[in-house]
Protein chains: 2
Amino acid sequence: MRKRPGRPRSARGRKSYHHGDLRRALLEAARELVQTAGAEALTLRAAARLAGVSQAAPYRHFADKRALLAAVAEEGFRALTETMRRATVAHAGDPLGRFRALGLSYVGFAVSHPAHFRVMFGRETADKAAHPGLRDAAEETLGLLVGALTDCQRAGLARPGDPAELAVSAWAAVHGLSALLLDGQLGTAAPERVEQLAQCVTASLFLGLGPERA
Amino acid sequence: MRKRPGRPRSARGRKSYHHGDLRRALLEAARELVQTAGAEALTLRAAARLAGVSQAAPYRHFADKRALLAAVAEEGFRALTETMRRATVAHAGDPLGRFRALGLSYVGFAVSHPAHFRVMFGRETADKAAHPGLRDAAEETLGLLVGALTDCQRAGLARPGDPAELAVSAWAAVHGLSALLLDGQLGTAAPERVEQLAQCVTASLFLGLGPERA
DNA sequence: ACCTGAACACCGTTCAAGT
DNA sequence: ACCTGAACACCGTTCAAGT
């Protein structure tokens with residue numbers, strides 16, 4: 001798939017000594033490892049093996065393991081953003097519904113891509129200053145919440161105040177539920193229970209961020 | 001310190017071939033490693049070195065690395081429970097104040113013991129069925145929130161509903177904020193900003209879980 | 001009953017050497 | 001310019017052997 005025909009290859013169609021696009025191949029290998037074998041199976045050596053190169057080859061393209069993890073995490077944030085954005089289309093003209101749909105789809109992403117989610121929030125990629133692309137992708141995700149909350153405020157459906165700070169509260173709630181679910185802290189977590197908890201969390205959230213009533 | 005005088009030791013005061021209480025020594029070593037060098041420095045071999053035994057010795061006392069981590073995590077939950085319980089004493093007769101103090105002290109524990117907190121919620125100890133002591137300790141922590149919420153309900157200060165489910169919402173909010181802070185997702189997180197965010201999260205929470213107003 | 005020493009199969013990372 | 005092979009210092013885990 002995606003065979004870039006102009007690239008030099010050996011007679012039998014296998015890759016040449018120079019890989020050509022090893023960076024992309026390593027990223028694809030890393031993504032596959034995370035999806036199929038979990039976050040702890042994502043090692044630099046395993047990615048190199050899957051890409052068919054020596055263990056030292058990745059260091060031409062990634063400074064260290066953290067850099068590869070950061071690239072995978074960045075992909076994850078872009079996918080999460082896309083998932084959340086898609087979840088809002090059914091709620092045009094309903095700021096509160098959009099806001100809540102963002103939260104529900106956040107939890108949905110976490111439980112359906114647990115390993116990827118862990119890489120996105122793992123300690124190894126915590127140094128955002130060293131990975132500006134990752135920081136930008138994460139800020140774009142948060143931006144969706146800030147934007148939706150601002151819309152709620154404009155419609156008089158959310159209390160006044162710094163939207164970034166209120167959005168962080170919303171983020172904390174759905175992120176916390178996701179983290180507790182992935183860490184097995186809430187029992188077996190059957191799909192219907194996940195849905196119920198997500199509804200409960202986003203409901204109480206919505207109420208707490210709502211306008212003050214006299 | 002804590003020299004158990006009746007225990008057989010060699011002439012120079014060093015430990016004998018048989019350690020005597022290696023399990024406890026390994027746990028102390030593990031706790032020290034986590035506190036001083038971080039969660040990723042907590043290896044079985046390092047704990048054995050710190051306890052002065054061979055790398056294979058821990059396997060007499062812990063089935064594997066996860067078992068040691070689970071023991072450290074259990075200690076962490078007990079310390080967290082104690083911290084939270086202490087935070088409520090200033091709020092006798094004020095169910096809402098108690099509930100909020102529990103949440104604030106949860107975040108406070110996370111930011112002041114980040115490595116320990118990570119071990120408590122790390123993937124390696126996610127298998128609660130294999131570590132009943134850890135599960136009990138974690139449930140005791142959650143129990144504080146459930147109890148405080150039930151008191152709020154009795155006083156008409158929280159909406160009716162399954163207290164366990166509403167307590168999970170509260171847990172999710174403070175846990176999410178803690179996780180985002182520890183993962184560097186909210187910037188540098190100066191102490192006053194941490195305090196501000198924790199106030200904001202527990203405030204919106206309190207409002208959202210409060211009684212329905214007509 | 002408890003611990004050691006050596007081994008095995010892994011890591012991340014570096015570096016001279018190959019093409 | 002990009003990749004390999006071998007090496008180094010680590011892991012977790014096992015197992016025969018020591019005390």
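None of these values were measured; they are calculated from a predicted model. Order of the sequence lines fixes the chain letters, A, B, ..., with proteins taken first and strands second; residue numbering starts at 1 for each chain.
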What side-chain donor-acceptor pairs closer than 3.5 Å can you find for residues 42-50 of chain B, not counting sequence neighbours?
unit_1, atom_1, unit_2, atom_2, d
B:Thr43, OG1, B:Ala46, N, 2.9
B:Arg45, NH2, B:Gln55, OE1, 3.2

What is the distance, rounded to the nearest whole Å, between atom [atom1] of [X] and atom [atom2] of [N]?
X       : N      : atom1 : atom2 : result
B:Leu22 : C:dT4  : CG    : C1'   : 13 Å
A:Glu40 : C:dC10 : CD    : P     : 15 Å
B:Arg49 : C:dC3  : CZ    : P     : 18 Å
A:Leu26 : C:dG12 : CG    : P     : 12 Å
A:Gln55 : C:dC15 : CD    : P     : 15 Å

Output yes when [X] and [Y] qualify as a salt bridge under the 4.0 Å nitrogen-oxygen rule, no when they do not.
X        : Y        : answer
B:Arg78  : B:Glu82  : no
B:Arg123 : A:Asp183 : no
A:Asp151 : A:Arg98  : yes

Are the side chains of B:Met84 and B:Thr141 in contact, using a 4.5 Å heavy-atom criterion?
yes

Base, sugar-phosphate, or nothing for B:Arg23, non-hydrogen atoms under 4.0 angstrom?
nothing

What contact category does A:Ser54 fall into here, base, sugar-phosphate, or nothing, at under 4.0 angstrom with non-hydrogen atoms?
base

For B:Ala41, all residues meeting side chain to side chain contact (heavy atoms under 4.5 Å, CB included), sequence neighbours excluded:
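Expected list: B:Ala37.
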
Residues of residues 118-134 of chain A with any non-hydrogen atom less than 4.0 angstrom from an atom of DNA chain D: list those, numerically ordered, please.
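Heavy-atom contacts with DNA chain D come from no residue of residues 118-134 of chain A; none.
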
In residues 60-76 of chain B, which residues come under 4.0 Å of DNA chain C by heavy atom?
B:Arg60, B:His61

Would you give me the side-chain donor-acceptor pairs under 3.5 Å for residues 100-109 of chain A, sequence neighbours excluded?
unit_1, atom_1, unit_2, atom_2, d
A:Arg100, NE, A:Thr202, OG1, 3.0
A:Arg100, NH2, A:Gln199, O, 3.2
A:Arg100, NH2, A:Gln199, OE1, 2.8
A:Ser105, OG, A:Ala101, O, 3.0
A:Ser105, OG, A:Leu102, O, 2.9
A:Tyr106, OH, A:Trp171, NE1, 2.9
A:Tyr106, OH, A:His175, ND1, 2.9

Using every non-hydrogen atom in the two residues, find where A:Ala158 and A:Leu149 come nearest and quote the distance to one decimal.
CB-O, 4.4 Å

Mind listing the closest non-hydrogen atom pair of A:Ala63 and A:Ala67 along with its distance?
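In terms of heavy atoms, the two residues are closest at N-CB, 3.9 Å.
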
Of A:Ala57 and A:Arg45, the one whose closest DNA chain D nucleotide lies more 5'
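Its nucleotide being nearer the 5' end, the pick is A:Ala57.
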
From B:Glu140 atom CD to B:Arg85 atom CZ, the distance as rounded to the nearest 0.5 Å:
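Interatomic distance, B:Glu140 CD to B:Arg85 CZ, rounded to 0.5 Å: 5.5 Å.
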
Closest nucleotide of DNA chain C for A:Ala56 versus for A:Ala46: which of these residues is on the 5' side?
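Going by which nucleotide is closer to the 5' end, it is A:Ala46.
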
Determine whether the aromatic ring centres of residues A:Phe77 and A:Phe117 are separated by less than 6.0 angstrom.
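For A:Phe117 and A:Phe77, the ring centres are not under 6.0 Å apart.
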
Nucleotide nearest B:Leu44 (side chain, heavy atoms from C-beta), chosen from C:dC11, C:dG5, D:dG12
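Comparing C:dC11, C:dG5, D:dG12 against the side chain of B:Leu44, the answer is D:dG12.
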
Its dot-bracket string being built from Watson-Crick and G-U pairs below 3.5 Å, with | for another strand and [ ] for crossing, DNA chain C has the pattern ||.|||||...|||||.||

